[in-house]
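Every chain is numbered from 1 and lettered A, B, ... according to where its sequence line falls, protein lines coming before strand lines. Because the structure is predicted, anything quoted here is derived from the model rather than measured. The figures that follow rest on heavy atoms only: side chains count, while hydrogens, waters and symmetry mates do not.
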Amino acid sequence: MKNEESSLGRHYKDGSVIFKENSIGKEMYIIISGKVKIIKKKGTVETILAILEEGEFFGEMSLFDNNPRSATVKAIGNTRLLEINQKDFLKRISNDPSLAFRILEKMSQRIRITDGKILNLVLEMKKITKDSHVFT
Amino acid sequence: MNKLKKNSNLELKDGARIAVLGGGPAGSFFSIFALKLANQIGKDIDLTIYEQKSFLNEGPSSCNMCAGVVSESLVQLLAIEGIILRPPILQRAIDTYCFQTISGDVLLHSISNQSGIATVYRGGGPVCKSTSEKNEKPDSGKISFDDFLIDCAKKEGANVENIRVDKVKLNNEKPEIFSKGEKLFDADLVVGACGINANAVKMFEKLGIGYTSPSVIKAFQSEIHIGERNVSTLFGNAIHIFLINQPDVKFSAITPKGSYVTISMLGKNITKQTVVDFLNNPLVKNKFPDSWRTPDAFCRCVPMINVGAARHPFANRIVMIGDASSARLYKDGIGSAYLTAKAAANTAILYGVSRAAFYKHYYPTCKKINRDNFFGKLMFTLTNTINKTPIIREALLTVLRSEQKQPESDHKCSTVLWDMFTGNERYTDIFIRAFNPRLLLRFLINIFNVIFIWFKNMWRQ
């Protein structure tokens with residue numbers, strides 16, 4: 001409890017929703033302690049896209065493209081998040097563009113991981129198609 | 001020397017050696033950003049931080065002596081950079097400022113509705129003066145913010161030498177650095193991150209590059225032990241600002257940290273007695289436990305505060321950063337260290353280490369801080385005038401209280417005061433917002449209200 005009192009950011013209980021898919025958001029979040037899961041829902045099926053840990057950030061996409069949230073984010077266990085609003089963030093980047101380096105670096109890493117996943121899916125689909133041709 | 005001046009196209013090549021003189025936040029920030037950026041563009045540099053102090057021991061000799069408040073904007077900037085402050089480095093997260101005047105007090109809560117400001121110890125914490133203090137000392141040895149930043153710099157690849165560089169000599173090609181009469185090496189870049197308390201600034205003044213250290217005033221910091229429970233219950237997550245018109249005192253604040261509160265005072269000739277008088281003021285005493293008595297001995301220091309700008313804070317292969325260059329007036333010294341260190345690191349790695357490169361890419365950051373301080377001076381003069389004029393002071397408190405009661409209101413006045421005392425925004429922005437016509441009108445109406453109530457009360461008497 002002592003650490004909770006003297007920690008930065010805002011506290012979220014286990015399972016609490018930080019933001020919902022398609023909601024409008026003007027904040028990005030940095031994980032001070034704990035973990036969060038990024039969930040995407042298609043129909044009734046919920047898929048966990050990623051689990052993020054201490055030091056990682058999320059919600060930055062809406063700051064740049066102004067579109068609704070692309071996924072739902074929930075806390076895993078007791079979590080503390082530091083919230084940064086869009087106006088402050090853009091003001092800081094306009095003062096020091098190099099501030100965006102780390103965010104771009106992280107976003108690039110995420111795109112690479114996504115590329116890898118897409119490639120695996122395409123290969124898997126090709127294999128399934130090939131197997132089904134052999135079968136028929 | 002002439003050769004140095006003429007050469008405007010000096011670049012750091014692979015294997016370049018950088019000497020960072022000073023391991024405070026400015027030196028560590030420079031090292032972190034320079035090494036990160038060099039690594040990103042595939043440049044191999046050899047960077048050494050020279051810091052004589054160990055920040056792990058208790059007391060002023062192991063401390064870079066300041067109030068130890070990291071502003072909300074800096075907390076966020078550092079978090080974006082991947083530097084996250086957590087206990088035990090973080091002593092307390094602040095979400096409220098309490099403004100105490102002789103007409104009453106008002107609590108201002110963080111606009112972002114989160115604990116966004118960090119309080120830290122720069123060194124290994126206060127010297128324990130009593131048994132109760134020793135018993136409550138945290139188990140974890142490493143609590144120093146400065147030491148934490150040095151560790152971050154080490155992770156990026158910085159070398160750290162616990163020796164004092166006592167001489168820098170300009171040679172035809174590169175500056176030479178010496179310790180105890182022995183030459184250490186020829187540096188491709190010397191970074192002066194030595195603050196203003198050190199003799200090191202004199203060393204740079206003597207170089208003949210035109211560098212003049214900034215003008216300074218004295219501050220007085222005291223660490224008073226009241227026990228962790230008392231800190232939590234009596235001060236909570238709030239920094240208390242006292243505008244109580246104590247003679248010769250410009251500004252007093254109490255910052256909660258662990259089992260201590262840090263008392264920061266600014267003004268002319270502040271002594272231990274001024275601190276004792278402050279603690280004995282009924283408005284201040286009221287904040288402490290009933291049975292509490294001012295201790296005879298407490299950990300204290302008298303650091304210098306940068307209140308002006310340094311002249312010519314750069315030359316070929318030399319750059320001064322942090323307090324030795326430019327700092328924000330009275331506030332956010334660590335934030336200024338971050339700004340100047342980052343600008344200098346970006347310049348050195350991306351544009352070179354010539355005087356021309358620093359003038360074009362580093363100096364604008366210093367000039368921005370210096371220009372902003374002009375508005376800071378105006379804002380502090382205005383606050384002082386308001387504080388000394390009972391009618392205006394009452395009107396201000398009324399406006400602030402009414403804003404705090406309405407969570408949905410625009411909080412124009414509260415945000416002005418919040419940003420000014422937390423060091424969260426540039427003084428220029430605060431100045432523009434303070435002179436918002438709607439805010440001035442509301443303020444004027446409240447002044448008339450206060451005058452009306454005063455006359456009404458006088459009439460009744």
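Contacts between B:Ile117 and chain A at a heavy-atom distance below 4.5 Å involve the backbone alone (N, CA, C, O). If you measure heavy-atom distances from A:Arg10 to chain B, the contacts under 4.5 Å come from both the backbone and the side chain. Heavy-atom distances place the side chain of A:Asp88, and not its backbone, under 4.5 Å from chain B. If you measure heavy-atom distances from A:Glu105 to chain B, the contacts under 4.5 Å come from the side chain alone. Both the backbone and the side chain of B:Ser73 come within contact range of chain A, with heavy atoms under 4.5 Å apart. Proximity to chain B (any heavy atom under 4.5 Å) is restricted, for A:Ile30, to the side chain, taken from C-beta onward. With a 4.5 Å cut-off on non-hydrogen atoms, B:Ile83 does not touch chain A at all. Contact of B:Ile84 with chain A is made through the side chain alone, with heavy-atom distances under 4.5 Å. Residue contact with chain A, scored on non-hydrogen atoms closer than 4.5 Å, involves the side chain of B:Gln40 exclusively. With a threshold of 4.5 angstrom between heavy atoms, A:Lys106 does not approach chain B through any atom at all. For A:Ile103, the part sitting under 4.5 Å from any heavy atom of chain B is the side chain, from C-beta outward, and nothing else. There is no contact between A:Ile93 and chain B, counting heavy-atom distances below 4.5 Å.
Per-residue heavy-atom pair counts under 4.5 Å with chain B were compared for A:Gly9, A:Ser98, A:Gly55, and the maximum is reached by A:Gly9.
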Intermediate values then yes/no, side-chain contact (heavy atoms from CB on, under 4.5 Å), A:Leu82 and A:Ile32: CA-CA 7 Å; A:Leu82 192 68; A:Ile32 300 287; 3.9 Å; yes

Take B:Val231 and B:Arg92 through the side-chain contact (heavy atoms from CB on, under 4.5 Å) test and state the conclusion after the steps. CA-CA 10 Å; B:Val231 173; B:Arg92 193 164 275 271; 4.0 Å; yes

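Closest heavy-atom contact between B:Phe30 and B:Ala348: CZ-CB, 4.5 Å. Between B:Asp95 and B:Gln114 the shortest heavy-atom distance is CB-O, 3.8 Å. Closest approach of B:Arg122 to B:Ser144, counting heavy atoms only: O-OG, 2.7 Å.
Using cut-offs of 30° and 60° on the angle between ring planes, the pair B:His361 and B:Tyr351 is parallel.
Ring centers of B:Phe431 and B:Phe375: under 6.0 Å apart, within the cut-off.
A donor-acceptor contact shorter than 3.5 Å is absent between the side chain of B:Ser71 and the backbone of B:Asp332. Listed for the A:Arg80 side chain is a donor-acceptor partner under 3.5 Å among the backbone atoms of A:Leu8.
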